[in-house]
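Worksheet for the structure shown next.
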There are 2 protein chains.
Amino acid sequence: MSTILMKSRGLAAERLADVLREDILSGRIASGERLGEVALAERFEVSRGPVRAALNLLNEAGIVTIVPNSGARVRELGRADARALYEVRAALEAEAAMLAAARAGPETAALFGDLLDQHAGEIAAHPEGAYLQGAGDRDFHMVIARMADNPIILRYLARELYPQLSLLRVKHRNVTGRGAKALNEHKRIAAAIADGDAEVAGLLMRRHIRNSWTALEAQLSETAKEME
Amino acid sequence: MSTILMKSRGLAAERLADVLREDILSGRIASGERLGEVALAERFEVSRGPVRAALNLLNEAGIVTIVPNSGARVRELGRADARALYEVRAALEAEAAMLAAARAGPETAALFGDLLDQHAGEIAAHPEGAYLQGAGDRDFHMVIARMADNPIILRYLARELYPQLSLLRVKHRNVTGRGAKALNEHKRIAAAIADGDAEVAGLLMRRHIRNSWTALEAQLSETAKEME
DNA sequence: TTCATCAAGATTGTTGACAATTCTTTCTCC
DNA sequence: GGAGAAAGAATTGTCAACAATCTTGATGAA
């Protein structure tokens, strides 16, 4: 079992939530599956108190749904959820790009250059184009979110929207082959941000997210059919 | 005491959270004040379990901060928090306005007409211009958020950003006199939405939020000075 | 006076048992 | 045979006590 019980310091609930989140986003616990409190308490050798707290944490993140008096299950994201997710992503990431452009300094261009060169290498190594799913794509967007210097945007993206996105991809086995195209879009966004051009950066980011959505939507329709 | 203990059904934690939120946003419990678990448990005649759950709920809403092993306090929002808040508001409400415009039907114009007429009456009755703070302004923005038909946007606005905004206003005794101007801006936004003009609706909404921020920012500087 | 140390008190984190609710199964009746 | 009701099992909600941690105040030395 991968459950290493490092009884280190810190809230027990957060450690449990970390392990559970990893289990869910890696697909070890499937969408819709029950998350009984006693079962989890036994597995982690802990009482039900911290387990409840951990489930609440995952509920905040939007990857678990809790029905009062009934229990917690891994959330099942449908097409409508995915659409809503991408609408919010477009708004928040475009805003983040605009803010990042406003805060860009002389060293910004070099920073993006290094990052994107590294990503180009990853894509060359895996031509299948798992880029969009791997650490690369997420990294690029996270760098911008951090540059925006807005704790709320950062929290929404990192703690809620991205986990839900991962859950969506695990469920629908999404592996877009958009790697090379996405990288190109990233380059143009980076250039606009480094130039301090907030308006264009926001516009390009919004378009980038929309393209990502179109690609995902197509796959959603497919797996929806083969799932019936 | 206003604490009516209706032992009706539903999670105890949610009832507690409702009462506490009301206490905080009305100013009965001040910013920075401690929220000891035992004290709350005694006050509500309940054990510490539900109290902890309620505090976590308010922590999600962003009006309470919880420091592990130390406790919960009413959150103290500073200028940086306010700025971040308005940046996110601008992004999300502009998106909501765009989505609302895309979903507008033939009855939309009449709906906004009734709502804004009512608001005009309220302003006439209270020329001081408490409009921005009262139910009126909030209503207008909530109607648009609901029209957007996006559960995530609605949750972020109604459950997190607006409560934090109220907390900010309570702390700084903010009573903007922007009533008449705000109403005018509302009218133009409503017209754009009813026309199905997403682009203009988004633009006007973004400008409207920015104006609101400028007005608030001025007051923040004032109370910041008189608070030292 | 100021700083560090330490002990007492207070507060949160966790636990296991009990109460209330929901879900499942079975039985009865039509 | 199927629909509905009722009993049973399983699960969540709540509680009160215990353990771990932090905060506070006093004490003493530099």
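Keep in mind the model is a prediction, meaning the values are calculated, not measured. Below, chain A is the first sequence line, B the second, and so on; all start at residue 1.
- With salt bridges taken as basic N to acidic carboxylate O contacts below 4.0 Å, one links B:E95 and A:R206.
- With rounding to whole Å, A:E42 atom CD is found 10 Å from D:dT11 atom P.
- B:G49 comes within 4.0 angstrom of nothing in the nucleic acid, heavy atoms only.
- Remark: P of C:dT12 and CG of B:L55 are 9 Å apart, rounded to the nearest angstrom.
- When the side-chain nitrogen and oxygen atoms of B:R34 are compared with OP1 and OP2 of C:dT12, one or more of them lie within a distance under 4.0 Å.
- At D:dG13, one or more side-chain N or O atoms of A:R52 fall inside 4.0 Å of OP1 or OP2 (strictly under the cut-off).
- The shortest heavy-atom contact between A:L154 and A:A145 is CD1-CB, 3.7 Å.
- For the pair A:N69 CG and C:dT21 P, the interatomic distance rounds to 7 Å; values are reported in whole Å.
- Between the CZ atom of A:R48 and the C1' atom of C:dA20 there is a distance of 12 Å, rounded to whole Å.
- An OP1 or OP2 oxygen of C:dT21 is reached within less than 4.0 angstrom by no side-chain nitrogen or oxygen of A:S70.
- Residue pairs that meet the side chain to side chain donor-acceptor pair (under 3.5 Å) test with at least one member in residues 49-59 of chain B, sequence neighbours left out, are B:E37-B:R52.
- Classification of B:R21 and B:D18 as a salt-bridged pair holds, one side-chain N sitting under 4.0 Å from a carboxylate O.
- Close to C:dT11, at under 4.0 Å from its OP1 or OP2, lies no side-chain N or O of B:R73.
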